[in-house]
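Working notes for the structure below.
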Amino acid sequence: AREQKKEFYAALPKDSGFVDLTGLFAEWGDRKAIMDAAHYSPNFSKFVAQKIADQIDLSALKSVKTEDVVATGIPKIQYP
């Protein structure tokens, strides 16, 4: 199981859908980032969101007809 985990984590950066957040705390510096055990500061949240947005290739996203999906984004199933 450990070997599988090593392989899994080694393969992540090669996946085009992977967003590497390693080092964000170091890049943020000594400013307050964590409010409590479950919340980030509003400014750090914006910082993280921008870092993720910067790595998304919007031209690669496919448009989806809204009538073809439900609120979860899962395609509707057509039953006979």
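Keep in mind that the numbers below use all heavy atoms, side chains included, and drop hydrogens, waters and symmetry copies.
Atom CG of D30 has 12 or fewer neighbouring heavy atoms from other residues, nucleotides or ligands inside a 6.0 Å radius. Enclosure of atom CZ in F47 by more than 12 non-hydrogen atoms of other residues, nucleotides or ligands within 6.0 angstrom is indicated.
Between I52 and L21 there is a side-chain heavy-atom pair separated by less than 4.5 Å.
Taking the six-membered ring where tryptophan is involved, the planes of W28 and F44 are perpendicular, since the angle between them exceeds 60° and thus also 30°.
No side-chain donor-acceptor contact under 3.5 Å links N43 and S41.
K51 and L24 make their closest contact through CG-CD2, 3.7 Å (heavy atoms, listed as atom of the first residue, atom of the second, distance). P13 approaches F18 most closely through the heavy-atom pair CA-CD2, 3.5 Å.
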